[in-house]
Amino acid sequence: MTIRLRPHHLLCMLTYVGKGYTPAFTDNYDKVIARLVEGEDILIQEGPDEICQPLLSTVEPHCLRDSVIERDAKARQDVGRMLRRSLEPGERVHLDGKMLDQLRAAFQNGRTRTACTGCEWFELCSTVSKTGYRDTRLKLS
């Protein structure tokens, strides 16, 4: 199976510690993380993805806002540059421990944080990265 993710969620998953918009959102996010740990590949897509699903039934879900679409474009560019590959819709990514470490190092030193500007989770993610990703749910060897 394959996990469909929008580009900025490649950054969000790095610092995910079990906090989110609603209990349904975090329950779903935990399931996506478990699938990543099991080794499922990621398929880059445009727009709402598997992490967004619990929010799509809300009135005016933020997943559809222009600011989130812009966040995806910035993440696609920053993460793609860091990984030296295209992250256009339809591209597949196999996340392993080495890549996770590279992504987290780039996130921690700010190389991939352009997409995070204006995000309501910015401070939490900054704190998580400063503490060495200690309490994150995504662990790969």
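All values below come from the heavy atoms of this structure, side chains included, with hydrogens, waters and symmetry mates left out.
Here the side chains of Thr15 and Leu124 are not in contact, with every heavy-atom distance at 4.5 Å or above. Inter-residue side-chain proximity for Val32 and His9 is flagged as unmet; no heavy-atom pair is nearer than 4.5 Å. Residues Leu55 and Cys63 meet the side-chain proximity criterion, which asks for heavy atoms closer than 4.5 Å.
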Would you list the atom pairs, donor with acceptor, under 3.5 Å between side chains in residues 100-113 and any protein atom, with sequence neighbours excluded?
| residue | atom | partner | partner atom | Å |
| --- | --- | --- | --- | --- |
| Arg104 | NE | Leu14 | O | 3.0 |
| Arg104 | NH1 | Leu138 | O | 3.3 |
| Arg104 | NH2 | Leu14 | O | 3.0 |
| Arg104 | NH2 | Thr136 | OG1 | 3.2 |
| Arg104 | NH2 | Leu138 | O | 3.0 |
| Gln108 | NE2 | Ser129 | O | 2.4 |
| Asn109 | OD1 | Arg111 | N | 3.1 |
| Asn109 | ND2 | Ala105 | O | 3.4 |
| Thr112 | OG1 | Phe107 | N | 3.4 |
| Arg113 | NH1 | Ser126 | OG | 3.3 |
| Arg113 | NH2 | Ser126 | OG | 3.2 |

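Annotation: ring pair (Phe, Tyr, Trp, His ring centres under 6.0 Å) contacts involving residues 23-66, sequence neighbours excluded, comprise Tyr16-Tyr29, Tyr21-Phe25, Tyr21-His62, Phe25-Tyr29. Within the structure, ring pair (Phe, Tyr, Trp, His ring centres under 6.0 Å) pairs that include any residue of residues 63-87 do not occur (at least two apart or interchain).
For Arg92, the side-chain contact (heavy atoms from CB on, under 4.5 Å) partners are Thr2, Leu43, not counting sequence neighbours. For Arg71, the salt bridge (Lys or Arg N to Asp or Glu O under 4.0 Å) test picks out no residue, with sequence neighbours left out. Considering only residues two or more places apart in sequence or on other chains, Glu91 meets the side chain to side chain donor-acceptor pair (under 3.5 Å) condition with none of them. The side-chain contact (heavy atoms from CB on, under 4.5 Å) test applied to Pro89 returns Glu46, Arg76, not counting sequence neighbours. Scored by the side-chain contact (heavy atoms from CB on, under 4.5 Å) test, Gln53 finds Leu56 as partners (sequence neighbours excluded). Gln77 is linked by a side-chain contact (heavy atoms from CB on, under 4.5 Å) to Arg81, counting only residues two or more places apart in sequence or in another chain. Residues satisfying the side chain to side chain donor-acceptor pair (under 3.5 Å) criterion with Thr114, sequence neighbours excluded, are Asp78. The salt bridge (Lys or Arg N to Asp or Glu O under 4.0 Å) check on Asp41 picks up nothing, with sequence neighbours excluded. With sequence neighbours excluded, the residues that form a salt bridge (Lys or Arg N to Asp or Glu O under 4.0 Å) with Asp27 are Lys31.
Under the 4.5 Å side-chain contact rule for hydrophobic residues, Val37 and Leu11 share a cluster.
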Item to check | Worked check of side-chain contact (heavy atoms from CB on, under 4.5 Å) between Leu10 and Ile44 | outcome: CA-CA 9 Å; Leu10 293 172; Ile44 303 298; 3.7 Å; yes
